[in-house]
Amino acid sequence: MTGVRIAVCVSCVLHAPFARAQSISPITTEAAVSSGASTDNETAVVATQLRAFGEIGPQIRYYGEAAWATSSDVASEAFGAAYPYGNRVQIIESYAERVFQPAGKLVAVRAGRFRPPFGIYNASDHAYLGFLRAPLIRYDSNFALSNNFLEQGAAVTAGVPWLTVATSVGRPGDVGAAARQPGLDTVLRAQGSAGPFIVGLSHIRTSPNLTGSWVHGRMEFTGLDLRWMRDGVQLRGEWITGRPFDGTTTTGWYADAIVHRVAMGPVTAVARIERVDYDTSPPFDLHKRRQTLGARIRVGQGFSTQVNVLHQTGQPDTYGAVALDIGVTYSVRMPLR
Amino acid sequence: MNGTGIQSVVACLAAVLSLTRADGQTRGFDLHGTARAGDHALRNAVVWLEAANLPGGTAAGKVLLDQRSLNFSPRVLVVRTGTTVDFPNNDTVLHNVFSFRDGKRFDLGVYPVGALRHVTFDKPGVSRIFCNIHPNMWAYVIAVDSPYFAVSDDSGRFTIASVVPRSYTYHAWRAGAEELTGTWSPADDATLTVHWR
């Protein structure tokens with residue numbers, strides 16, 4: 001209940017100046033307040049995100065995001081991996097980026113704290129235009145790549161608009177329950193686009209987030225991601241394979257359809273199929289499948305509600321076969337200066 | 001005729017001559033105006049003039065609606081019907097650009113940083129522009145059948161350049177309000193004020 005009060009207060013304070021502050025400013029702030037409920041373990045969550053972004057100098061962009069979130073059941077997968085549900089304010093991303101575009105080429109240098117450039121990784125892209133849960137391959141509890149993994153370091157992107165290569169070097173700066181062991185992380189990603197297609201190939205080499213006498217070696221994943229969009233229909237997906245540590249293998253994928261056609265008005269329909277397989281000595285292996293149908297409905301300016309129906313199977317059987325998730329989000333923007 | 005009368009005639013002649021080019025065609029002047037809503041100045045109001053037999057053509061040079069720092073810039077863009085607008089992604093993330101409601105309907109898909117896509121606004125009307133990835137990104141493109149148009153600045157001021165002096169029907173638009181319309185002639189008033197009460 002305290003969380004709800006905090007969320008409501010934040011939204012009220014931020015809404016007041018919005019009416020007279022609609023033009024573009026060098027720095028824009030954005031607040032989003034979300035609450036949700038799921039039939040999975042009767043979970044309820046409340047979250048607030050504060051973001052600041054814009055230009056802080058010639059061709060120098062800044063992006064910062066802090067989040068506070070709490071859940072009635074932190075062990076539940078409902079709404080999981082969207083934010084760390086630690087009931088405290090945490091800095092998620094904070095980085096500056098300089099972009100150069102010499103003669104049709106593209107070079108960007110980023111420094112600070114940011115999500116690893118692996119797959120469909122950007123916060124605004126993966127979270128969650130109609131989906132209330134991250135893909136199974138983005139949960140650390142599935143021995144895969146958590147959305148809460150963050151890098152503290154530098155990244156360089158170079159190429160031309162239709163073909164770029166990005167690399168990042170850093171140390172883990174994870175938020176949430178699963179923190180990787182200290183060490184040097186490297187991520188390499190190539191991305192190409194042609195017409196309505198965008199395809200990416202990523203590789204990450206980092207430290208495991210598990211500790212124990214049985215955990216040896218490095219975490220290493222390779223992934224392929226593909227997007228296609230035309231006339232309001234977006235298809236996208238990721239496939240990853242690798243090892244969370246020596247002697248184990250995790251392979252998984254998801255495919256999304258996001259449909260927002262003219263006749264649908266404020267409704268965006270979404271569907272996802274996905275699976276993840278963590279292979280190790282039985283009975284410690286894990287296999288999950290999930291299908292999601294849902295919708296995001298824009299209720300009014302800044303207000304949206306999302307509904308997801310999920311069917312899930314697999315072991316360990318820690319959740320119901322069918323779940324209903326409902327979420328409401330209010331977001332508002334205002335210039336800082 | 002007294003001195004004041006002579007001065008007035010000379011001033012009128014000078015004004016007429018200043019609007020007449022060597023080729024005999026009438027030269028335009030810059031129409032300055034103000035947009036207001038209630039008792040305060042209004043930015044991002046669009047004002048345009050219409051009349052029969054207006055000069056043809058579209059604006060020279062590139063017209064662009066930029067994507068930077070999770071925003072469209074400018075938020076309100078007015079173009080002449082038939083103009084092609086560039087939508088470059090000058091941000092650090094992927095963007096999508098679409099217009100589904102009114103005016104020109106299109107979806108440019110998702111495209112990467114540094115890429116450029118175009119749309120020709122071939123019919124007059126208001127197009128509401130959004131990004132399907134970033135719900136807080138929005139802009140308006142207003143296509144008008146006239147070479148005489150402007151958008152008001154932060155202080156509510158606007159300037160319509162090179163207007164040929166004659167009578168016009170003016171139109172004024174702002175987001176979320178009724179369109180204003182009326183008649184305006186430089187013979188009646190040297191400036192134009194559009195006022196949503």
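Each chain gets a letter, A, B and so on, in the order the sequences are listed, and its residues count up from 1.
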With sequence neighbours excluded, residues passing ring pair (Phe, Tyr, Trp, His ring centres under 6.0 Å) with A:Phe303: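 A:Phe303: ring pair (Phe, Tyr, Trp, His ring centres under 6.0 Å) contacts with A:Tyr330.
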When rounded to the nearest 0.5 angstrom, what distance separates [atom1] in [X] from [atom2] in [Y]?
X	Y	atom1	atom2	answer
B:Asp91	A:Tyr63	CG	OH	11.0 Å
B:Arg68	A:Thr28	CZ	OG1	12.5 Å
B:Phe98	A:Asp231	CZ	CG	12.5 Å
A:Glu97	B:Thr92	CD	OG1	4.5 Å
B:His134	A:Arg333	NE2	CZ	8.5 Å
B:Asn96	A:Arg227	CG	CZ	11.5 Å

Contact summary for A:Gly54 and B:Ser69, nearest pair of heavy atoms: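 Nearest pair, atom of A:Gly54 first, then B:Ser69: CA-OG, 3.5 Å.
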Min side-chain heavy-atom separation B:Phe100-A:His260 under 4.5 Å: yes
Beyond-backbone contact of A:Gln101 with B:Asn90, side-chain heavy atoms, under 4.5 angstrom: yes
Any donor-acceptor N or O pair under 3.5 Å, side chains A:Glu30, B:Asn136: yes
Other residues, nucleotides, ligands: >12 heavy atoms within 6.0 Å of B:Glu178 CD: no
B:Arg166 atom CZ: more than 12 heavy-atom contacts under 6.0 Å: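 For B:Arg166, atom CZ is crowded (more than 12 foreign heavy atoms under 6.0 Å).
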Segment of A:Arg261 engaging chain B (4.5 angstrom heavy-atom cut-off): backbone
Residue-level contacts of residues 186-197 of chain B with chain A, using a heavy-atom cutoff under 4.5 Å: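 Those residues of residues 186-197 of chain B which would need a heavy atom under 4.5 Å from chain A do not exist here.
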Neighbours of chain A found in residues 105-123 of chain B - heavy atoms under 4.5 Å: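 Counting heavy atoms that sit under 4.5 Å from chain A, the residues of residues 105-123 of chain B involved are B:Arg105, B:Asp107, B:Gly109, B:Val110, B:Tyr111, B:Pro112, B:Val113, B:Gly114, B:Ala115, B:Arg117.
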Can you list, pair by pair, the side-chain donor-acceptor contacts under 3.5 Å of residues 158-169 of chain A, counting residues two or more places apart and other chains?
unit_1	atom_1	unit_2	atom_2	d
A:Thr167	OG1	A:Val187	O	3.2

